[in-house]
Structures are given as C-alpha cells and as structure tokens.
Amino acid sequence: MNFLRGVMGGQTAGPQHTEAETIQKLCDRVASSTLLDDRRNAVRALKSLSKKYRLEVGIQAMEHLIHVLQTDRSDSEIIAYALDTLYNIISNDEEEEVEENSARQSEDLGSQFTEIFIKQPENVTLLLSLLEEFDFHVRWPGVRLLTSLLKQLGPPVQQIILVSPMGVSRLMDLLADSREIIRNDGVLLLQALTRSNGAIQKIVAFENAFERLLDIITEEGNSDGGIVVEDCLILLQNLLKNNNSNQNFFKEGSYIQRMKPWFEVGDENSGWSAQKVTNLHLMLQLVRVLVSPTNPPGATSSCQKAMFQCGLLQQLCTILMATGIPADILTETINTVSEVIRGCQVNQDYFASVNAPSNPPRPAIVVLLMSMVNERQPFVLRCAVLYCFQCFLYKNQKGQGEIVATLLPSTIDATGNSVSAGQLLCGGLFSTDSLSNWCAAVALAHALQGNATQKEQLLRVQLATSIGNPPVSLLQQCTNILSQGSKIQTRIGLLMLLCTWLSNCPIAVTHFLHNSANVPFLTGQIAENLGEEEQLVQGLCALLLGISIYFNDNSLENYMKEKLKQLIEKRIGKENFIEKLGFISKHELYSRASQKPQPNFPSPEYMIFDHEFTKLVKELEGVITKAIYKSSEEDKKEEEVKKTLEQHDNIVTHYKNMIREQDLQLEELKQQVSTLKCQNEQLQTAVTQQASQIQQHKDQYNLLKVQLGKDNHHPGSHSDGAQVNGIQPEEVSRLREEIEELRSHQGLLQSQLSEKDSLIENLKSSQMSAVSEHASEAASPRDSEQVIELKQELTTLKAQLNSQSLEITRLQAENHELLQRAEALAKSVPVQGEDETVTAAKTTDVEGRLSALLQETRELKNEIKALSEEKTAIKKQLDSSNSTIAILQTEKDKLDSEVTDSKKEQDDLLVLLADQDQKILSLKSKLKELGHPVEEEDESGDQEDDDDEFDDGDKDQDI
C-alpha cells in the first residue's frame, strides 16, 4: 500500500486535493454508515470516480469494496456497484484506449491491484460464489472482473480456482446461461482460464465443454457466425492444443463428425466477410491441432481415419478445388489437407483420386504442382503446395512409385495433351526461377525418400536437352547444372536431391561415380576457401562425397572406397573435410528447419533446408566421419558384417513372408470354418423346423382320427295327435286350412333337413372308410418301429456273415495247409493205407464244413437281399402314407368346411321351424279362444319335435 502511495505521489498529473478528500469521505461512508442506502450511494459514487482516478480509488477503496461483497450480498445493487468499481480499478482496457504512452504504467497498476486482490485467496472464492447468483447485475460484472484478474495474473488465479471446490464447474454453468451477453463473456472467461493449464483444460473438457461450444457455434451459423463463433473456436483450440487427453476425448465423443458442416461453404464468389474468413481460418487451424505431426502417432492416425470416414477430408478437398476462395483460406486449406493425409495410406489414396473440375479433369496433385512451379503465385501458397506434396508422399511408397512412373519413358504421354506430375517437376527443376528449382528438387527428393526401388527406377529417366544431341540421364543433367555455377538456392536444392538419391543406393552411387567429372568437381568445391555464403554449398558437397564413399560397393576400380579416401586426404585433408561437413548442422537455418515438417519461411531467401533432409544429415554425419577415418582392414570387416546382416535380413524376410502366407491361409480356413458353421446351423434349424412340422401333422392326424371316430346320435321323439271339435264351422275351417299349410311347409323343411343330415352322414362314412383303408399305411410310428427292428436284424445278419466269412477263411487256410502236408508226405515217404484213410477223412470233413458254410453264407446273403428289398418297400409305403396323410388332411379341411356350411343351413332351418311352431301355437290359442277344444298332447308333440331337431314328423288330429 505504501508503494502504491509512492507511485501516486510520483504522478505528475494527480487529482486535486478536493477529489482525494471526496474519495476518502466516500470510503468512510462505506465503512461506517449503518444505512444501506448511504453505503449504496457511496459505492455508486466511487464507481463514477474509479475510471478517472483509478489509482486513488484503488488504494483507498479496495478493502472496503471487498468488505461490501462479503457483508451486503442480500442487496444486488450495491454488489453490482462494488464489482464494477473493482473492474475499473483492475482492468487496463479503458486506460489503453485513452492514452497510449501510459499503457505500460496501466499494465503495472492492473497487475499490482490484481496481486493485492488475490493475496487473500478467499477473495477469489468469494467472487466465484457471487457468480452463482442469477441476477444479471451481479453475475455479469462478476464475470468481467474474474476475466480481468485472469488476464493480469493468469497462473496464480488459475491455481486458486483449481483448488477451489467446484470452482471450474461454477464457471462452466455460464455457458448454459440464457442471456447471450453473459454466455459470450463466459466464453472469454474460459479462454483466459484454460490458457496454458493442462489440468484446468481437462476439467473443462470433462464438464461437457465440447458439446456446449459446438452447440453455440451451430446456433450462431457456423462459419457465417459473428465474433462469438471466433471466441468459441479460440477456446476449443486452448482445450485441444498439446493436450492428448482432450484430443482423445474429442475423437471418442464423435465431435469430429460435427465439424464437417463448418466447411460447407459452396462455390459462391461473394459473401466472404472478414469475420467469415477469420472463423474459417480458425476452424482449419482446429482441424490441424487434431492431426498435428507433433501429436502422438497413434492419436494422429485415429483422428485422420475419423476425418475420412465422416467425410471431412472430402469436404476440405472440395474447398481446395473450388473457385472464389480467398488466398489465405486456400493456403490454410492446403496446409490442413496436408496434415490430414500425412502418413495415412487411406487418406493419401483418396487424395490421389481427387480431380480438379476442369475440362478435361486433371488430378488435384498436378494442379497444385502447377501452382508450385509458377513464380507468379504467392510465396506462402507455393510453400503450402510443397508441404502438401511432401505429406502426400510421406510413408507412401505407392504414391512415390506413381510419381516416379510419370517420368519413365513408358508412361509419358506422347501426344502431349496432358501434363504429368513428373513433367512439372522436371520443368521446375530446370527453370530459370531458383525458388522453383529448390521446390522441385525437394519434391523429387521426397519421391525417393526411403524407397530404394524408386531410386533405381529414376536412373532410367532420360532427358532430351536439345535437337540432334543424344538424351542425357536425369542424374547427369543435375550434375551438369550443378557444375555450371548457378544460384546458391538452386545448387543447394540439387545437392539435397543428389544426397537423398545416392544414400542407401549403391547402384545410384556407381552411376554417379561413373561420370569422371563429378569427383574432381566435388573435391575442387570442398578444397577452395570461399566466402560464408559458399560454406553451406561446400558442406553439402562434402556430404555428397561422403555418401559416395560410405555407400560405395567398390564396383568401379578407379573409385573404390580406399582410393576416394586417399584422394580426400591428398587434395583436402581429413580434418578439413570433416570441418566442411560440419558447416551444415551448425547453420542457423538448419536448426530452424529441423523443428517442424512444414516449410514455413518468412521469405524465399530463407528457403534453404528441408525437414526430412535434416534427418538424413543427422543420420549420416557421424557414419561418414567414421568411414573417412577407417582403415581398409576395418572396411573389409565392416563389409563382411554387412553381408552377414544382409543374409540374416534375407532369412528374416523369407520367414516373415512365410508367416504372412500362413496367416493368409489361416484366415481363409477360419472363414471357411465360419461359413460351414453357419451352414450347419442353418441346416440344423431347418431339420428342427421340419421335425416340428412333422410332429404337428402327426398330432393333427391323430386328432382327426379321434374326431371321425365319434358317432353323432340324435334322440328320437314322438308326438301324438290331438283332436278338436268345432263349434263355428267357418272359423274352424279357415284355421284348419292355415294349419294344414303350415304343416305342409314344415314337412318340406323337415325333408330338406333330413337330406342334409344324410349328406353329412355319407361324407363322414366315406371319410371313415378312407381313413380305415389307409390306416395301416399311415401308421408312421408303427412303421418306424418296424424299420428299426429290420435295421437291427440286418446288423445282426451282417455280423453273422462277417464271422462266417472269417471262419471260412480260417478253414480254407487249414485245408490248404493239410493239402500241402499231404503232398509232401506222398513225395517223401510211402504212405500207409491207414494214413491215407485218415487224411482222406479229414479232407472230406473240411470240404463238407466248407460247403455247409458256403451254403449258409448264400442263404444269409439272400436273406439280407430280401430284407433290403423289404426295407425299400417299407420306405415306399412310408412315403405313400405321408402323401396319403396330406391328401386326407386336404379332404378333412374340405369336409370341415362342408360340415360348417351344413350346420349353418341346419341352424337356419331350426329358426324357420321355431317360427312355424310359434304360428301353430298362436293358431291353437285362437282356436281355444273360439271355444274349440285342443288336446295338450298336440302341443307336447310339437315341443318334442323342436327338441329332437325334427327327427320324427309331427302328428295332429282333425279338428
């Protein structure tokens, strides 16, 4: 506080004595007044003075204002005044606008007041608690004050918020506020809070920040939105940049897919406002944050794949090929596409297939290379195209082969209708523009990077220099231009190309050394004492000569390793050679290029080294130094070790190929097994379904047999006639005639009903006869049991046959042995009569047993044949039974439908008969009323007729 008073006293233009006294009196009122209105008015007055007299109000009133925040929370108006006053004291915004010369002093004041405020961490915690108030006049000034504190002294304020319970969560609630001004200032607050603090960035991300920010961007119109979209994008960059955890969370939450609509800008040539350009620029930078080469390779690769799968890469390529895109947006889009495809084979293949909307269509790579070698294009655009080409070829041997193939004689278009990538690179390599030379040389070097096959293929490229002269190889043409003393940038580019080409390629080294002028040129360049500008060229020449030694296979007698080292020692000196070689890595531009893959240069003069070439220098500088100092014996030993390692590598490669082939075979067999399993499951399901259907049909068949076996019995009925006597003849005769008509109609209906009943009985009897006729054939369970018994019997017979066959074989062997023995005895010794008799008896016995066994075998075979035929017949009977069951099922369905129809007709007849009975009863009642006696038997007979369903006719008597 004393320090601040000293600062105040040192000011040249301080306030008048009356203003200082006014501030002091207002502070006293705030501190001592008991009435809330007095304190409120005093704080309001301090607020009005705080902008003009910032230092004095800050020194005298800060403690009182903090005390107001602690004690008067129930009154939102005084809290709002206090927060606004503290904001005016701490913030530098107003001062920077008023007076430019005092900007540094204002910053010092803001930092000092901020330091005083946060000296008690409870003050920041108090401010966080005030942000929970929903009142606009409290919440908004609180957000502004906390933002200002973070801008002044970010790290200490961040640490206080981090250790505060639910501190970050309270601030996240600001994004959900329905009042846009609070929500938008909440975004600015989170920007300052998350800057350079990984722990807070993770907490904010896991508090659903990505979802809320993306929703805000969508609501505001994506790239067409205003400054709010820009603020949200800056906050997203803070959360994702150099934060692997948040990047993984962003990808796993499928938020990459939500970025695609940002880049749906169309082909319109108008509508590119400054805000839209800014928004789209930040959106492209956000994509680059996710796929930056500095990220872990696994995280970058997964994000690249997600961008291809959701169509984001396709959308970026659409912008790339669209017309009317501003130059800076086009440049940033090229850089973004570069990093999205870098090292990802799928994305690189897609990019190779993209065509520009021209007539005829040209590959996007060719169109971009045309811009790169065109000296009229902006420098940053040419750098972006070079970076895109480098990323396309990075770890992409397929793409490298396609580029080199466009230079080979067999693939060049003889008609000249289309320009290939290789032709453009050659044109840039030999143009008069040194920047085009450098870019083309570096691009061609990337087509050879780590690919020995393409280095050998490029040796086949022949160039026609002039009419009448024989063609010259590309390697020779590069060395010719190098020896002509062109611009430094051109020579550096060609030397980098030659170093990349010759490294790890002994054949290319042999071709290079075969030209007798190359080695003297290199030694002459290295040996000369040139200026500082030429030292870098000398270092690259030393590197090229060292590569020619280290990768030399000694196939040329005049340029063997030992002779070249002797030449260096004689013409240059080993120490001098190593010193010149060290010029490369000591150069300032070398260290700058080695940091990032992207060629980012302030101007063309700084475009000297390529990032991948710096890796090559770092790899080869040490081994070349060792190779220069090695003796011939050590070289021989090293050659032997190399050969052994090559043999070992060949063996390993052979086994790797074998393992790869076996893996493929194993995969194929696994697929076959899975296919067979699926087929087996399908067949098992089909068998189960068929078995269930068969069982269902059997159940239906058994049920049908039970239903048809039941007899329908209808009890008979009888009726007795009744007699009546008439008193009034005319009336009685009329009633009699009506009764007769009704009875005749009733008889007709009964006859029709009888016909229907007889038809039903006939159908039932025919069905029963059909069932009984095929009962023996349709008895599937019994047949199946018979088949099983036959199979068992057949198995038994086969076993007997086998045993009989073994017995026959044994007896045949015994018989043959006895015959041989008998012949031997007959030849050697005169056989006695008794022995002959015994031998003959044995022989006869064996022959009898053999014939009996053979006969039994024939009988068994016949029996087996008969059983097989019987089995076949039974199978046929089963098949016919199944078909008969199906036919009977059909007939049953038809009979059921006919029975249903008959029942319906019968019900209709019953209704008619009931109506007739009612009429008869009514007539009888009329007769009774007229005085004619009617017997009750007549009525009972009618009732029984109705109950018995008209099996007997109804009997009546004459009236």
Side-chain angles (χ1 to χ4, degrees), residues 66 69-70 73 76 79-80 83 86-87 114 117-118 120-219 228 231-255 258:
I66 294 172
L69 296 179
Q70 293 171 345
R73 292 190 60 173
S76 60
I79 294 293
L83 291 172
L86 287 170
Y87 174 77
T114 302
F117 185 85
I118 67 172
Q120 299 294 329
E122 295 81 8
N123 296 337
V124 179
T125 307
L126 174 64
L127 187 55
L128 290 172
S129 65
L130 288 172
L131 293 179
E132 293 181 348
E133 298 289 338
F134 188 74
D135 191 339
F136 177 81
H137 297 93
V138 175
R139 202 171 203 186
W140 185 51
V143 171
R144 295 173 66 210
L145 176 58
L146 187 56
T147 305
S148 183
L149 291 172
L150 286 164
K151 286 181 179 179
Q152 296 294 344
L153 291 175
V157 179
Q158 287 173 340
Q159 191 62 31
I160 294 171
I161 295 174
L162 186 61
V163 299
S164 176
M166 299 295 292
V168 178
S169 300
R170 292 172 183 172
L171 300 180
M172 285 301 301
D173 293 337
L174 298 173
L175 296 181
D177 201 301
S178 58
R179 295 158 294 191
E180 287 192 2
I181 187 170
I182 294 180
R183 183 199 68 182
N184 298 343
D185 283 352
V187 174
L188 296 175
L189 170 59
L190 290 172
Q191 278 184 23
L193 178 66
T194 56
R195 191 173 289 118
S196 304
N197 193 307
I200 293 180
Q201 289 169 1
K202 292 179 182 178
I203 296 173
V204 171
F206 282 94
E207 288 283 347
N208 208 21
F210 294 138
E211 184 77 29
R212 296 182 184 180
L213 291 172
L214 292 173
D215 287 341
I216 294 172
I217 292 173
T218 304
E219 291 169 6
V228 180
D231 293 336
C232 290
L233 290 169
I234 293 173
L235 177 54
L236 284 171
Q237 283 193 21
N238 287 352
L239 295 175
L240 292 172
K241 196 169 186 178
N242 299 323
N243 194 317
N244 300 328
S245 173
N246 283 2
Q247 289 175 6
N248 187 56
F249 181 65
F250 191 84
K251 179 185 71 69
E252 295 296 335
S254 301
Y255 296 118
R258 296 188 60 179

| field | Close side-chain approach of L213 to L235, heavy-atom, < 4.5 Å | value | yes

| Tell me the ring pair (Phe, Tyr, Trp, His ring centres under 6.0 Å) pairs involving residues 164-193, sequence neighbours left out? | none

| Under a 4.5 Å cut-off applied to non-hydrogen side-chain atoms, are S76 and H137 in contact? | no

| said: Contact between Q70 and N123 at the side-chain level, heavy atoms closer than 4.5 Å - yes or no? | reply: yes

| request: Can you tell me which residue pairs pass the ring pair (Phe, Tyr, Trp, His ring centres under 6.0 Å) test with a partner in residues 170-196, sequence neighbours excluded? | output: none

| message | Does anything in residues 185-194 form a side chain to side chain donor-acceptor pair (under 3.5 Å)? List the pairs, not counting sequence neighbours. | response | W140-D185

| task | Write down the atom of G198, the atom of N243, and the distance for their closest heavy-atom approach. | result | O-ND2, 3.8 Å

| query | Rounded to the nearest 0.5 Å, how far apart are CG of L83 and CG of L145? | reply | 6.0 Å

| said: Could you check whether any side-chain heavy atom of L171 comes within less than 4.5 Å of a side-chain heavy atom of I161, counting everything from C-beta outward? | reply: yes

| request: For L236 and I217, run side chain to side chain contact (heavy atoms under 4.5 Å, CB included): C-alpha distance rounded to whole Å, both residues' side-chain angles, the deciding distance at 0.1 Å, then the answer. | output: CA-CA 11 Å; L236 284 171; I217 292 173; 3.9 Å; yes

| Pairwise distance CG(L188) to CG(L146) - rounded to 0.5 angstrom | 12.0 Å

| Any chance the side chains of N246 and Q201 put a donor and an acceptor closer than 3.5 Å? | no

| request: For L127 and L149, run side chain to side chain contact (heavy atoms under 4.5 Å, CB included): C-alpha distance rounded to whole Å, both residues' side-chain angles, the deciding distance at 0.1 Å, then the answer. | output: CA-CA 11 Å; L127 187 55; L149 291 172; 3.8 Å; yes

| query | What heavy-atom pair brings A199 and L162 nearest, and what distance separates the two atoms? | reply | CB-CD2, 4.1 Å

| request: Hey, could you give me each pair passing ring pair (Phe, Tyr, Trp, His ring centres under 6.0 Å) that has a residue in residues 149-187? Not counting sequence neighbours. | output: none

| Contact check, side chains of I79 and D135, non-hydrogen atoms, under 4.5 Å | no

| said: Looking at E180, is its backbone amide N or carbonyl O close enough to the side chain of N184 to form a donor-acceptor pair, meaning the two atoms are under 3.5 Å apart? | reply: yes

| task | Give a yes or no on whether the backbone of L126 and the side-chain of S129 come within a donor-acceptor separation of less than 3.5 Å. | result | yes

| query | Just wondering, do S148 and F117 contact through their side chains at under 4.5 Å, heavy atoms? | reply | no

| message | Looking at M172, is its backbone amide N or carbonyl O close enough to the side chain of R212 to form a donor-acceptor pair, meaning the two atoms are under 3.5 Å apart? | response | yes

| Taking atom CG of N248 and atom CG of N244, what is their separation to the nearest 0.5 Å? | 8.5 Å

| query | What are the two closest non-hydrogen atoms of F136 and P141, and how far apart are they? | reply | O-CD, 3.6 Å

| query | Do L174 and R183 come close enough that some side-chain heavy atom pair is under 4.5 Å? | reply | no

| field | Rounded distance (nearest 0.5 Å) linking atom CG of L239 with atom CZ of R195 | value | 11.5 Å

| Full working for side chain to side chain contact (heavy atoms under 4.5 Å, CB included) between E133 and R73 | CA-CA 10 Å; E133 298 289 338; R73 292 190 60 173; 3.6 Å; yes

| Pairs touching residues 163-177 that satisfy side chain to side chain donor-acceptor pair (under 3.5 Å), sequence neighbours left out | E132-R170, R139-D177, S169-E207, D177-R179

| said: Can you list everything that forms a ring pair (Phe, Tyr, Trp, His ring centres under 6.0 Å) with F250? Sequence neighbours excluded, please. | reply: F210, Y255

| I160 side, atom CD1; L153 side, atom CG - distance, nearest 0.5 Å | 9.5 Å

| query | Can you list the steps and then say if L193 with N238 is a side chain to side chain contact (heavy atoms under 4.5 Å, CB included)? | reply | CA-CA 10 Å; L193 178 66; N238 287 352; over 6 Å; no

| query | When you measure from the side chain of Q247 to the backbone N and O of L240, does any donor-acceptor pair fall under 3.5 Å? | reply | yes

| request: Measure the CG-SG distance between D215 and C232 for me, rounded to the nearest 0.5 Å. | output: 10.0 Å

| query | At their closest point, which heavy atom of L131 faces which heavy atom of G142, and how far apart are they? | reply | CD2-C, 3.5 Å

| remark: Heavy-atom closest pair (Q158 atom, A192 atom, distance to 0.1 Å) is NE2-O, 3.3 Å

